[in-house]
J.: 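The structure that follows is given in the form of structure tokens.
Remember, predicted model here, so these are calculated numbers, not experimental data.
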Amino acid sequence: MAASYAYVGAPTFIKAVQGRLADAGLVRADDAASADIVVTFCTTASALEDLYFGDDGLVSSAGPGTVLVDLSATTPNFAREINAVATVNDLVMVEAPLTVRSLVAEDAFARENLLGPVASESELSEEVRTLLEAIFGEVVEVGAPGRAQLMRSTHTLPLAANLASAIEAVALDDAAARSVGALDADQVPLFCTVSTDPVVRAVQQRRFAGDYTAEMLLAELSAALMAADDAEVILPGVEATMHLLELLAVIGGADMAPAALALVYRDEAAGAAAGLDWTRAEQAYGRGSDHDRDEDEDWSDYDDPDWADDSDYDDFDYTAN
């Protein structure tokens, strides 16, 4: 008898992969209670916590022996917590966070674009392995719970950094070219790392819609930052990219592809043409009383008279080696 699976999570994902699961011989069940395997994919930490630990959450409502396969991005610590509680409730937990090879692939959930780091305390059954191999182009077993989330973070962070830097390069090029002129066609190859970058191509082609969304990337970066906080590590680059993605989400771009981050650097008209609304940012962030002051106010209000006293440096020898 074919194994059955239920799915709870982002609808765009299951639409993209359910055909592959059917081809692999897996049958979709109507609800989690009747399925052999429950696949989950949440795009926020609160949704994931509610799904597993809320009223009628999976760890208490799923039948004994049910396999829970979670594709969500979370911290290694929370992944271990879910695994521990699932084990106590006679469930099998499989941590398999969805990891994309390219943030801007035209078919983001194509099998070849998905990497599956997998962590579990139990040996993977044939049915679970079949499900994972139908979803991911490559399945990598990485050991104990928490390690798959760590692998996802270390894979995604460089991609996110490149996304932001490539988009900023395009923004600078677009703005400066209006005054100094664009590069000639024979000059472009000199800057091949920019001109051939897939992020740059996605922005130039205006591929601002896609199944893998800014919200999904935001969830991954948020989990990485929380993991870094747990480990007492500071990741300023990730924080900066997160703030940009949060802004994109606030003005209406949460369900857009990560390449839509380029719209944050463009004028209001370009954003409006893509369906974004900058007034939402004004409403979300507001303007405090400090912002009502004259923008050209004298910085002397904040000066410390002892901060730059020349006499402090009278004895310093500027010629010394």
J.: Find out whether Leu114 and Tyr212 are in side-chain contact, i.e. whether some heavy atom of one side chain is under 4.5 Å from a heavy atom of the other.
T.: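 Leu114 vs Tyr212: side chains apart.
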J.: Within a strict 4.5 Å, meaning less than it, do heavy atoms of the Leu157 and Leu221 side chains meet?
T.: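 A side-chain contact under 4.5 Å exists here.
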J.: Please tell me whether Leu217 and Met151 are part of a single hydrophobic cluster in this structure, the criterion being side-chain heavy atoms less than 4.5 Å apart.
T.: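 They do not share one cluster, since no chain of ILVMFWY contacts under 4.5 Å joins Leu217 to Met151.
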J.: Report, as yes or no, whether the 6.0 Å neighbourhood of atom CG on Asp56 holds more than 12 heavy atoms from other residues, nucleotides or ligands.
T.: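 No, the 6.0 Å shell around CG holds no more than 12 heavy atoms from other groups.
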J.: Quick check on side-chain contact (heavy atoms from CB on, under 4.5 Å): which of Arg147, Glu123, Arg129 does Glu141 satisfy it with?
T.: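 Among Arg147, Glu123, Arg129, the one that satisfies the side-chain contact (heavy atoms from CB on, under 4.5 Å) with Glu141 is Arg129.
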J.: Please tell me if the side chains of Val85 and Leu91 come closer than 4.5 Å, counting only heavy atoms from C-beta onward.
T.: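 The answer is no; the side chains never approach within 4.5 Å.
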J.: Using a 6.0 Å cut-off, check whether atom CG of Asp55 has over 12 heavy atoms from anything other than its own residue.
T.: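 No - once you tally the heavy atoms of other residues, nucleotides and ligands closer than 6.0 Å, there are 12 at most.
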J.: Any heavy-atom pair between the side chains of Thr75 and Gln149 that's under 4.5 Å?
T.: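 Result no, sub-4.5 Å side-chain heavy-atom pair not found.
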J.: Answer yes or no: is there a donor N or O on one side and an acceptor on the other, between the side chain of Thr43 and the main chain of Phe41, under 3.5 Å?
T.: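 Pair absent, no side-chain N/O of Thr43 close to backbone of Phe41.
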J.: Is atom CG of Asp31 surrounded by more than 12 heavy atoms (other residues, nucleotides or ligands) closer than 6.0 Å?
T.: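 Yes, because the 6.0 Å sphere around CG of Asp31 holds more than 12 heavy atoms from other groups.
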J.: Exactly one of Ile37, Leu68, Val69, Val39 should register a side-chain contact (heavy atoms from CB on, under 4.5 Å) with Val94. Which one does?
T.: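 The residue from Ile37, Leu68, Val69, Val39 that satisfies side-chain contact (heavy atoms from CB on, under 4.5 Å) with Val94 turns out to be Val69.
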J.: Would you give the length of the straight line joining atom CZ of Phe109 to atom NZ of Lys15, rounded to the nearest 0.5 angstrom?
T.: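 Going from CZ on Phe109 over to NZ on Lys15, the span is 12.0 Å.
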J.: Should Phe13 and Leu26 be regarded as members of a common hydrophobic cluster, given that ILVMFWY residues are connected when their side-chain heavy atoms come within less than 4.5 Å of each other, either directly or indirectly?
T.: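 Same cluster.
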J.: Should Leu115 and Leu103 be counted in the same cluster of Ile, Leu, Val, Met, Phe, Trp and Tyr side chains packed under 4.5 Å apart?
T.: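 No, Leu115 does not connect to Leu103 through the hydrophobic network.
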J.: Going only through I, L, V, M, F, W and Y residues with side-chain contacts under 4.5 Å, is there a path from Val8 to Phe53?
T.: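 As far as the 4.5 Å side-chain criterion goes, Phe53 and Val8 are connected within one cluster.
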J.: Between Tyr7 and Leu21, is any pair of side-chain heavy atoms under 4.5 Å apart?
T.: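 Result no, sub-4.5 Å side-chain heavy-atom pair not found.
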J.: If I take atom OG1 from residue Thr156 and atom CE from residue Met216, how far apart are they, to the nearest 0.5 angstrom?
T.: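 It is 13.0 Å, given to the nearest 0.5 Å.
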J.: Could you name each residue pair satisfying side-chain hydrogen bond (donor to acceptor under 3.5 Å, both in side chains) that touches residues 106-121, not counting sequence neighbours?
T.: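 Sorted pair list: Asn83-Glu121.
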J.: Taking Met226 as the starting point, is it possible to reach Leu150 by hopping between hydrophobic residues whose side chains are less than 4.5 Å apart?
T.: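 No, Leu150 and Met226 fall in different hydrophobic clusters.
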J.: Between CG of Asp277 and CD of Glu282, what distance do you get to the nearest 0.5 Å?
T.: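 It comes to 9.0 Å.
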J.: Within the structure provided, determine whether Ile14 and Arg28 are in side-chain contact (heavy-atom separation under 4.5 Å).
T.: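 Side chain of Ile14 against side chain of Arg28, heavy atoms only: contact under 4.5 Å found.
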J.: Could you tell me whether the side chain of Glu127 reaches within less than 4.5 Å of the side chain of Val67, counting heavy atoms only?
T.: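 When only atoms from C-beta onward are counted, Glu127 and Val67 do not touch, as no gap falls below 4.5 Å.
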J.: Distance-only, no hydrogens or angles: does the Glu95 side chain make a donor-acceptor pair with backbone N or O of Ala79 under 3.5 Å?
T.: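 No, the answer is negative, given that no donor and acceptor are paired below the 3.5 Å cut-off.
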J.: Tell me, yes or no, whether the heavy-atom count around Arg206 atom CZ, taken from other residues, nucleotides or ligands under 6.0 Å, exceeds 12.
T.: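 No.
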J.: Answer whether the closest heavy-atom distance between the side chains of Leu225 and Glu239 falls below 4.5 Å.
T.: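 The answer is yes, as the side chains (C-beta and beyond) meet within the 4.5 Å cut-off.
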